[in-house]
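Inspection log for the structure reproduced underneath, given as structure tokens.
Residue numbers start from 1 in every chain, and the chains themselves are labelled A, B, ... in the order their sequence lines are given, proteins ahead of strands. Computed from heavy atoms alone, side chains included, the values below leave out hydrogens, waters and symmetry copies. Worth saying up front: this structure is predicted, and the values here are computed from it rather than measured.
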Amino acid sequence: MATKKNYWLMKSEPETFSIDDLSRDQSTLWEGVRNYQARNFMMKDMKVGDEVLFYHSNAQPPGVVGIAKISKKAQPDPSCYDKKSPYFDKKSTKQIPRWFCVEVSFKQKFPELISLDEIKQEPQLKDMLVVKKGQRLSIQPVAENDFLYLLEMASVKMARE
DNA sequence: GCCAACGTTGGC
DNA sequence: GCCAACGTTGGC
């Protein structure tokens with residue numbers, strides 16, 4: 001069992017749930033993940049205290065808008081039992097839940113987003129999954145170095161203002 | 001709105 | 001277990 005802190009990138013469409021929504025609510029259950037790879041990251045690898053790059057997808061421009069942290073480990077995703085929810089899944093039962101979600105808490109909103117384009121322009125960040133073509137996973141692991149480098153980019157921007 | 005890149009489903 | 005058809009994601 002790893003004790004070292006892990007880093008992640010989590011995508012959300014701002015029209016559905018933005019960094020401002022998280023800032024207002026302070027914490028949220030990350031419901032609606034219906035991809036096994038993403039689910040497995042939440043179930044197996046995410047720990048309370050892990051830090052998260054909050055990413056706006058389908059946005060103009062798309063990019064990292066702030067920082068969040070994992071505040072509760074994975075639990076069965078309540079939205080898969082809700083017939084009215086777009087995330088309802090009749091194959092998921094209370095006895096054998098198929099989908100899980102973690103709780104994510106607000107940490108910080110960047111004064112200015114780090115756009116996908118800027119990330120692509122940094123040779124340092126070329127291994128980040130988010131810049132790779134066809135990488136659609138909504139939850140991605142992030143290397144510590146890349147996480148820190150991105151924070152540095154955010155603080156440089158801050159200082160410039 | 002388009003479409004490439006995937007992931008999932010279901011017939012066989 | 002293969003694979004075609006279909007659905008989704010998400011940048012552009």
ask   = Hey, are A:Arg136 and A:Ser57 close enough side-chain-wise for a donor-acceptor pair under 3.5 Å?
value =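 The answer is no; no qualifying pair exists.
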Within this structure, what is the [atom1]-to-[atom2] distance between [X] and [N], rounded to whole angstrom?
X: A:Asp89; N: B:dT9; atom1: CG; atom2: C1'; result: 13 Å
X: A:Gln60; N: C:dG10; atom1: CD; atom2: C1'; result: 12 Å
X: A:Glu13; N: C:dG10; atom1: CD; atom2: P; result: 7 Å
X: A:Leu129; N: B:dC6; atom1: CG; atom2: C1'; result: 14 Å
X: A:Tyr87; N: C:dT8; atom1: OH; atom2: P; result: 12 Å
X: A:Leu9; N: C:dG10; atom1: CG; atom2: P; result: 10 Å
X: A:Arg136; N: C:dG11; atom1: CZ; atom2: C1'; result: 12 Å
X: A:Leu137; N: B:dG7; atom1: CG; atom2: C1'; result: 11 Å

inquiry  = Consider side-chain hydrogen bond (donor to acceptor under 3.5 Å, both in side chains). Of A:Gln108, A:Lys5, A:Lys69, which one does A:Glu51 pass it with?
reply    =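 Only one of A:Gln108, A:Lys5, A:Lys69 forms a side-chain hydrogen bond (donor to acceptor under 3.5 Å, both in side chains) with A:Glu51, namely A:Lys5.
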ask   = Contact class for A:Lys132 vs. all strands (heavy atom < 4.0 Å): base, sugar-phosphate, or nothing?
value = nothing
A:Lys47 (side chain) donor-acceptor with A:Lys4 (main chain) under 3.5 angstrom =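 Indeed, once roles are kept as given, a pair shorter than 3.5 Å links the two residues.
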A:Phe54/A:Trp8 aromatic ring centres below 6.0 Å = no
message = Does B:dC6 have its OP1 or OP2 closer than 4.0 Å to a side-chain nitrogen or oxygen of A:Tyr36?
response = no
message = Check the phosphate of C:dG11 against A:Lys11, side-chain N and O only, distance under 4.0 Å to OP1 or OP2. Yes or no?
response =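 Indeed not, no polar side-chain atom of A:Lys11 lies that close.
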request  = Test for a donor-acceptor pair under 3.5 Å between the base of C:dT8 and the side chain of A:Arg34, counting only N and O atoms.
outcome  =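 Answer no: no donor N or O sits under 3.5 Å from an acceptor.
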remark   = To the nearest 0.5 Å, atom CE of A:Met46 lies from atom CE of A:Met10 at 4.0 Å
remark   = Of A:Arg98 and A:Gln135, the one whose closest nucleotide on DNA chain B sits nearer the 5' end is A:Gln135
request  = Name the closest nucleotide to the A:Lys133 side chain, picking from C:dC12, B:dA5, B:dT9.
outcome  =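 For the A:Lys133 side chain, the nearest candidate turns out to be B:dA5.
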query = Nearest to the side chain of A:Asn58 - B:dT9, C:dG10, C:dC12?
reply =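 When the side chain of A:Asn58 is considered, C:dG10 is the closest of B:dT9, C:dG10, C:dC12.
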